[in-house]
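Keep in mind the model is a prediction, meaning the values are calculated, not measured.
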Amino acid sequence: MALAALALAIAGYWLFAPRGQAVATLTVQKAPADRVLAVNGRIRPRLQVDIRPSLGGELVALPFDVGDRVAAGQVIAKIDDAPEQAAIAQAQASVATQQATLAQARRDLARFVALGQFSTKREVEQRRLTVLEGERELSRRQAAVVQASELRDRRVLRAPFAGVILERPVDPGQTVGLDSVIYRLADLSSPEISVEVDEVYAAEIRPGMDATMAMPGQQRPLKAKVLHVEPRVDPATGARAVRLGLTGGAVDAPSGLTVTVNLLIERRNDAISVPRSALISSGTTTKVRIVGTDNVVTERRVTIIDWPADSVIVTQGLQPGTRILADPGSAAPGNRVRVSP
């Protein structure tokens, strides 16, 4: 009977005695860690310009539309040049008249020079002066032809660089002025990416930093580099503009397309990283809950690099091999726990 009672007592203790709560833990290890800032950006052309006329008038030729590609120097629009054509014709007629007058003056000079002693020096000098004045007048009238031709040429609009027509706000036959936008032209062959970064994080971004860009419809991320960080903070948004350029070759992407950019802020070859969900934050203090070798939970203060990511880098407070609670709310300090497999 005594043995039976002892066996029942042992079984009861085994069944009803308090046992440690099962918890999930993470074992701290050192490994390579990247500190990455993920932001949304937009594709922007490397070059973009509004084509405006330098002289107003009626559009008589507008051969391209939105989406068309044009070559550098290609004629993309013409404005009625009838006034310039009339001025050129008038200036050319004036030149022809002056050329005839000058030819006669030269003949007269040659005739008086040929007379030798039978013509006075004064008569020869008068004829010579007439020729010089005629030459000056001819140069002036020829300059008027050039000026009228230049004005006519300004009625012809050419593409300043090879690109794609993004907008065409006007139509053929429309009268345009100096403020009218004929085309919005962009070079999309080597697009850039524009992102807005909060001033808190933008302070760590420098030109030359590596990044990747994920574009809709593109399976593999594209490599990029930071080209420029705006030194000014936008007071309305509290952000700084950052421009990036692709380094893996050209890509055909529409202007304004939204893309995801991962900026590589820092790369450490030997770091301790823990999930943000394993941290307990209170004000400026950050702690983790540790499971000791005796399976008792304790709290320890740690120092981290606070960064908007799922995992953070711990710089002080943890050593490799330390076990921490994956969910710090699963057990309180002083609790004895069982570590789940």
Q: For residues A61 and P63, report the shortest heavy-atom separation together with the two atoms involved.
A: C-CD, 3.8 Å
Q: Any carboxylate oxygen within less than 4.0 angstrom of a Lys/Arg side-chain nitrogen, looking at R141 and E137?
A: yes
Q: Can you sort out the partners of L47 under side chain to side chain contact (heavy atoms under 4.5 Å, CB included), two or more places apart, ordered by chain and number?
A: F161, D187
Q: Considering residues at least two apart in sequence or located in another chain, which fulfil the ring-ring contact (aromatic ring centres under 6.0 Å, His included) criterion with Y201?
A: W307
Q: Should we count CD of Q174 as having more than 12 external heavy atoms under 6.0 Å?
A: yes
Q: When you check the side-chain N and O atoms of R323 and N295, is any donor under 3.5 Å from an acceptor?
A: yes
Q: Measuring only between side-chain heavy atoms, which start at C-beta, is L264 closer than 4.5 Å to N262?
A: no
Q: State whether the side chain of R289 and the backbone N or O of A326 hold a donor-acceptor pair below 3.5 Å, judged by distance alone.
A: no
Q: Are there over 12 heavy-atom neighbours, none belonging to R52, within less than 6.0 Å of that residue's CZ?
A: yes
Q: Counting only heavy atoms not in D65, do more than 12 sit closer than 6.0 Å to its CG atom?
A: yes
Q: For L109 and V124, which heavy atoms make the closest approach, and how far apart are they?
A: CD1-O, 3.7 Å
Q: Okay, side chain of T101, backbone of T97: is any donor-acceptor separation there less than 3.5 Å?
A: yes
Q: One thing to verify: whether R276 and D306 come together as a salt bridge, which I'm taking to mean a side-chain N less than 4.0 angstrom from a carboxylate O.
A: yes
Q: Please give me the minimum heavy-atom distance between A202 and V197, naming the atom from each residue.
A: N-CG1, 3.7 Å
Q: Going by an N to O cut-off under 4.0 Å, is there a salt bridge joining D50 and R184?
A: yes
Q: R240 vs D234, test: salt bridge (Lys or Arg N to Asp or Glu O under 4.0 Å). Steps then yes/no.
A: CA-CA 6 Å; R240 291 169 66 180; D234 188 336; over 6 Å; no
Q: If we only count heavy atoms from C-beta on, is the I305 to E266 side-chain gap below 4.5 Å?
A: yes
Q: Is it the case that over 12 heavy atoms from other parts of the model lie below 6.0 angstrom from the CD atom of Q147?
A: no
Q: Please assess R243 against E192 for the test salt bridge (Lys or Arg N to Asp or Glu O under 4.0 Å), listing each intermediate value before the final yes or no.
A: CA-CA 7 Å; R243 284 191 295 110; E192 295 179 349; 3.1 Å; yes
Q: Is the shortest side-chain N to carboxylate O distance from K223 to D210 below 4.0 Å?
A: no
Q: For D310, does the CG atom have more than 12 heavy-atom neighbours from other residues, nucleotides or ligands under 6.0 Å away?
A: no
Q: Backbone N or O of V337 within a donor-acceptor pair of the N335 side chain at under 3.5 Å?
A: no
Q: Measure across I79 and L55 and return the closest heavy-atom pair with its distance rounded to 0.1 Å.
A: CD1-O, 3.4 Å
Q: Which other residues end up in the same hydrophobic cluster as V28, if Ile, Leu, Val, Met, Phe, Trp and Tyr are linked when side-chain heavy atoms come under 4.5 Å apart?
A: L26, I272, V274, L279, V288, I290, V302, I304, V312, V314, L318, I324
Q: Any Lys/Arg nitrogen of R154 or E84 sitting under 4.0 Å from an Asp/Glu carboxylate oxygen of the other?
A: no
Q: Is there a donor-acceptor pair under 3.5 Å between the side chain of T212 and the backbone N or O of L222?
A: no
Q: Is it the case that the side chains of T258 and R42 hold a donor-acceptor pair, with the cut-off being a distance below 3.5 Å and no angle test?
A: yes
Q: For V131, which of R127, E133, E135 qualifies under side chain to side chain contact (heavy atoms under 4.5 Å, CB included)?
A: E135
Q: Applying the side chain to side chain contact (heavy atoms under 4.5 Å, CB included) criterion to I76, which one of V156, I182, V70, L62 satisfies it?
A: V70
Q: Test your reading of the model: is there a side-chain donor-acceptor pair from E299 to the backbone of K287, 3.5 Å cut-off?
A: no
Q: Using side-chain heavy atoms (C-beta onward) and a distance below 4.5 Å, is R301 in contact with Q316?
A: no
Q: For A331 versus V297, what's the shortest heavy-atom pair and its separation?
A: CB-CG2, 4.0 Å
Q: For R168 and V170, indicate whether the former's side chain and the latter's backbone hold a donor-acceptor pair under 3.5 Å.
A: yes
